[in-house]
Amino acid sequence: MSSVGENQASPDVLIVGAGPAGLSAAIELKKRGVAQVVVIEREREAGGVPRHCFHPGFGLQDLRRNLTGPNYAQRLVSKAQDLGVEIATSSTVNAIAPDKTTRVTSPHGILDLHPRFVLLTTGVRERPRSARLVPGTRPAGVFTTGQLQQWVGLKKFPVGTRALVVGAEHISFSAVQTLRHAGVSCVAMVTDHPRHQSLWGASLLIRAVYQAPLLLGTELIEILGTHRVEGALLRNVASGSVEKIDVDTIVFTGDWVPDAELAYRSAIEISPLTRGPMVESDGRTSVDQIFAAGNLVQPAETAGIAARRGTEAAMHIANQIYQPIVAQRIVIPLECDESLLWVTPQRLVLNEELERLYFRTRLFSSKKFLAVRQGDRVLGRYRLRHTSPNRGLSVPGAWSKDVEKESGPVRIALCD
Amino acid sequence: MNETEANFDIAIIGGGVVGCAIARELSGGSLTVALFESSSDLGNGTSKANTAIWHTGFDTVPGSLESSLVHRGYEKLGIFAEQTGIALERTGAVLVAWDEEQAAALKNLQEKALANGVVDTEIISAEEVIRREPHLGEGVQGGLVVPGEGIIDPWSVTLAFANLAVLRGVKLFRSTPILGITEAQDRHLLETHQGSYGARWLINVAGLYSDVIDRMIGHEGFTITPRRGQLLVFDKLARPLLSGIVLPVPTERTKGVLVSPTVWGNLLLGPTAEDLDDKGDTRSTSDGVKALLADGKRILPRLMDYDVTAVYAGLRAATEHRDYQITSYPNERYVCVGGIRSTGLTGSLGIAEYVAELLRSAGVEIPSGKGLESGFTMPPLGECQIRPLQDPNKISEDPAYGTVLCHCEQVSLGEVRDACHAMIAAENLEGVRRRTRALNGRCQGFYCGAEVVDVVARELGTAPESLMGFQ
Ligand SMILES: Cc1cc2nc3c(=O)[nH]c(=O)nc-3n(C[C@H](O)[C@H](O)[C@H](O)COP(=O)(O)OP(=O)(O)OC[C@H]3O[C@@H](n4cnc5c(N)ncnc54)[C@H](O)[C@@H]3O)c2cc1C
Ligand SMILES: Cc1cc2nc3c(=O)[nH]c(=O)nc-3n(C[C@H](O)[C@H](O)[C@H](O)COP(=O)(O)OP(=O)(O)OC[C@H]3O[C@@H](n4cnc5c(N)ncnc54)[C@H](O)[C@@H]3O)c2cc1C
């Protein structure tokens with residue numbers, strides 16, 4: 001555990017959360033010469049979620065290396081520390097007052113810091129069984145992927161013998177791997193969508209390597225068992241037929257929700273779609289001098305994208321530190337239609353070019369293009385690589401220079 | 001079986017909130033008292049799964065035993081909670097009428113309240129209801145304010161009673177179901193897996209199974225039909241939507257569901273009312289959940305913007321009678337305390353006092369019950385209290401109180417450790433949850449699940465898998 005020193009009571013930038021987004025932002029701020037950058041992390045170790053993703057595939061985008069999660073996390077931490085970033089672990093940010101007074105609790109006590117800027121990078125979690133309203137008894141043996149990874153990877157605890165995986169997106173396939181690693185056989189994977197939402201070939205791989213059938217158009221309707229999970233009832237959405245499956249472990253995967261309590265408590269405006277803070281194109285929230293980035297804003301992306309978004313927010317914060325502006329900012333809302341689950345940023349700034357636009361579809365669609373419109377004008381039209389729900393999508397923001405002041409909100413939608 | 005493991009003057013069967021309240025009341029005198037609980041923890045039956053409302057008893061049946069004991073219990077519990085540091089918030093309640101029929105019923109309810117000794121209710125207009133609770137849905141016709149209603153931490157109440165009882169000499173047997181009862185000359189013989197115990201007096205407070213115990217003694221005073229109540233606990237972020245408890249107006253047709261804050265800062269929606277055959281069926285069902293959500297959407301539409309943190313169900317010990325079934329059989333040295341249906345948390349101290357009276361009048365020497373608390377306090381778990389993580393003194397005394405273990409519920413390592421070593425210690429994760437709130441939050445273990453299991457296994461000296469429900 002490391003704590004915040006006396007001389008860091010008023011840092012230039014305070015970052016909440018030492019995951020890929022927070023650490024990448026800290027590194028960027030230091031590279032740009034910002035003097036005091038403090039990162040507050042509530043876990044004993046910095047690094048965020050990758051700390052417990054014990055498989056390769058991390059760092060490809062930002063570090064140009066293929067690393068395991070823990071190695072990737074360690075590299076980001078070392079890089080930040082080498083540049084002089086202060087990282088306080090076992091330290092929780094409880095509240096940020098309107099004047100930016102930030103209350104931190106740690107084993108050293110309760111401390112108030114007075115940063116100039118705050119960046120929130122507190123990440124996401126998966127919705128647990130209760131939030132998905134899956135009825136039945138309440139036995140042990142019900143996990144989320146995040147919990148399972150820590151269980152297996154960090155603690156090496158035994159899990160069970162036969163598992164059901166709920167969900168069929170990237171993370172769900174990770175869960176299958178983790179189960180396999182723990183010696184648990186994955187009896188089935190279920191999704192209520194008509195197809196899985198991961199990379200092409202993922203289901204073949206699952207079937208060939210892990211022998212787990214992927215049940216499409218199927219939902220989990222009840223959990224059985226007294227002390228321990230003893231089974232589950234699955235229903236075929238189309239036919240309505242119900243089947244009992246014999247498992248002692250159930251893993252709920254994906255279905256992301258930002259861990260946004262601190263943002264709520266700091267009176268930051270929350271997007272009803274992402275359930276994370278609303279941000280402008282540069283990452284600023286509705287509260288002055290507070291920015292947000294990473295999975296907290298975009299639930300959820302790969303670590304590489306979260307890192308990149310952290311870096312971008314840091315660039316904008318550094319700009320504000322060096323050139324405390326200036327002209328009045330004119331903000332135009334950015335909205336999406338029903339075909340999309342969410343879009344971010346939720347606010348465009350007139351005459352500021354947007355880097356990229358990030359969004360998610362709600363369902364698989366035959367419409368393969370995204371249209372960006374303001375009023376009757378089509379600002380852009382982009383062919384999409386896929387329309388998988390739960391899988392990252394983004395398009396360039398070059399059209400943002402054509403946004404007009406008086407023409408109302410910019411709207412995006414899937415189109416033919 | 002002639003040899004007994006031990007003999008007691010009084011044996012209490014059932015360690016729910018009522019049984020523990022009775023144990024506390026009867027403790028501290030010259031008589032030996034034992035409390036038998038079948039589960040590994042106290043309050044593991046109906047007492048753990050209720051709506052946690054500190055009832056004035058305004059809508060009980062006037063003149064009933066329940067009415068007088070809830071009234072008495074209400075007063076005593078208010079004082080008790082204050083003395084022992086148990087979270088209790090005097091939020092007040094408003095019964096909201098959504099149609100003409102309900103609006104017309106308010107007057108009768110007010111009179112009923114008066115007959116139950118609740119004198120400070122007030123009928124208010126729709127505008128006034130909305131001023132108090134601005135997030136209510138469309139269609140409010142008026143309301144009845146019951147200022148005395150409040151919310152309480154039900155788990156700590158049961159544990160506090162049990163702790164005080166044990167401190168004052170009661171012998172506690174957990175994981176000890178009473179399997180059968182036989183009669184010897186001057187005592188009852190209680191059969192358990194560990195052997196048999198003798199008791200001169202027997203008090204049956206076995207909740208849903210009080211009819212089964214009653215039959216073991218040879219009585220058939222009543223039959224219990226479990227009435228299930230499913231409840232949804234909403235994210236703490238929803239707490240600002242309500243200022244106090246919003247109660248339904250019961251009519252001939254429906255009882256309706258309530259929305260209430262909890263002392264932990266969540267909002268609670270429920271309960272359903274379903275008559276069942278199975279005394280163990282605490283499942284939630286998709287129909288139950290759907291019905292609650294439909295009601296929630298109507299009562300407090302914005303509640304639907306928030307995630308559900310927990311779904312649970314409790315079983316009311318309903319009988320064919322409307323009142324509590326409390327009967328003393330002095331000749332048999334037996335008191336039956338059954339049918340404590342939907343007010344037992346509030347009524348517990350009133351019931352305990354009444355049972356002590358019944359025993360006294362049968363010539364049993366029960367201490368006066370004065371000064372039972374003697375400075376004992378429970379850990380602060382409520383949002384209205386100062387939790388260890390908010391207390392600089394506590395943290396500087398012991399940094400474990402500044403080490404967050406469960407982030408969502410803000411529970412420190414020190415609290416979880418303490419729960420594992422308390423006088424009536426947690427024996428499993430459930431026990432830790434109820435003593436500390438750890439794992440009860442919105443992430444349900446995504447962040448801290450593995451770490452909490454690690455700490456609890458270490459502190460209890462057991463293997464982690466033994467905490468994961470494998471028998
Ligand atoms: C289970 C799981 C598996 C994944 N697998 C992969 C994968 O295989 N490949 C991949 O590319 N991506 C994967 N991802 C996604 C990737 O891990 C995330 O995109 C990335 O970690 C997001 O970075 P972040 O910095 O936004 O958030 P996080 O990594 O979640 O970091 C947030 C940090 O903030 C801290 N924090 C939160 N609140 C507070 C507070 N109040 N005070 C102090 N600290 C706080 C948290 O403890 C945490 O360390 C996975 C995600 C999950 C959840
Ligand atoms: C949905 C719901 C909502 C409610 N809301 C409220 C409320 O808001 N306010 C309020 O005041 N009350 C409320 N109640 C009522 C209250 O919860 C009960 O009245 C109270 O918990 C009853 O306590 P008890 O000790 O009688 O029973 P229990 O808590 O059921 O305890 C009985 C104990 O006996 C044990 N036992 C059974 N058989 C044996 C045996 N053979 N040997 C040993 N031990 C045995 C059981 O394990 C159990 O622990 C509610 C109830 C429900 C179901």
A:E45, CD atom: more than 12 neighbouring heavy atoms under 6.0 Å:
no
Interface moiety of A:R275 toward chain B, non-hydrogen atoms closer than 4.5 Å
side chain
Shorter than 4.5 Å, heavy atoms on both sides: which option in A:V134, A:V159, A:T105, A:I223 has the most such pairs with chain B?
A:T105
Given that the side chain runs from C-beta out, which part of B:L293 has a heavy atom under 4.5 Å from chain A: side chain, backbone, both or neither?
side chain
Contact leader toward chain A among B:Q230, B:Q444, B:M468, where contacts are heavy-atom pairs under 4.5 Å
B:M468
Rounded distance [0.5 Å steps], CD in B:Q410 versus OG1 in A:T92:
6.0 Å
Straight-line distance of A:R44 CZ to B:E451 CD, nearest 0.5 Å:
4.5 Å
Which atoms of A:V104 come close to chain B, meaning under 4.5 Å heavy atom to heavy atom: side chain ones, backbone ones, both, or neither?
neither
Proximity of residues 388-400 of chain B to chain A, residues having a non-hydrogen atom under 4.5 angstrom
B:L389, B:Q390, B:D391, B:P392, B:I395, B:P399
Which portion of A:R127 sits near chain B, non-hydrogen atoms under 4.5 angstrom:
side chain
Looking at every non-hydrogen atom in both residues, tell me the closest pair between B:G449 and A:Q147 and how far apart they are.
CA-NE2, 3.8 Å
Can you tell me which portion of B:Y447 sits under 4.5 Å from chain A's heavy atoms? Options are side chain, backbone, both or neither.
both
Distance in Å, B:T403 OG1 paired with A:H108 NE2, rounded so as to fall on 0.5 Å steps:
9.0 Å
Do you know which of A:H52, A:R129, A:R138 has the most heavy-atom pairs with chain B at a distance under 4.5 angstrom?
A:R138
Side chains of B:F446 and A:D259, heavy atoms from C-beta outward: is any pair under 4.5 Å?
no
Please check if atom CG in B:D275 has more than 12 non-hydrogen atoms from other residues, nucleotides or ligands closer than 6.0 Å.
yes
Counting only heavy atoms closer than 4.5 Å, note whether A:P135 contacts chain B via side chain, backbone, both or neither.
both
Which distance, rounded to the nearest 0.5 Å, do you find between the CD of A:E219 and the OG of B:S286?
9.0 Å
Is it true that atom NE2 of A:H181 has more than 12 heavy atoms of other residues, nucleotides or ligands lying nearer than 6.0 Å?
no
Is A:S130 close to chain B through its backbone or its side chain, or both, or neither, when contacts mean heavy atoms under 4.5 Å?
both
One should read off an interatomic distance between B:E465 CD and A:R228 CZ, to the nearest 0.5 angstrom, of 10.5 Å
Residue selection (most heavy-atom pairs with chain A, distance under 4.5 Å) from B:D454, B:V233, B:V404, B:D281:
B:D454
If the contact rule is any heavy atom under 4.5 Å from chain A, which residues of residues 304-312 of chain B qualify, in numerical order?
B:D305, B:Y306, B:D307, B:V308, B:T309, B:A310, B:V311, B:Y312
May I ask you to name which of B:S284, B:A463, B:G445, B:G280 has the most heavy-atom pairs under 4.5 Å with chain A?
B:S284
Is the number of heavy atoms from other residues, nucleotides or ligands under 6.0 Å of A:R103 CZ greater than 12?
no
Could you check which of A:G160, A:G141, A:G136 has the highest count of heavy-atom pairs closer than 4.5 Å to chain B?
A:G136
Distance (rounded to the nearest 0.5 Å) between B:D235 CG and A:E261 CD:
7.5 Å
Side chain, backbone, both or neither: which part of A:E126 has a heavy atom under 4.5 Å from chain B?
both
Part of A:F252 lying under 4.5 Å from any heavy atom of chain B
neither
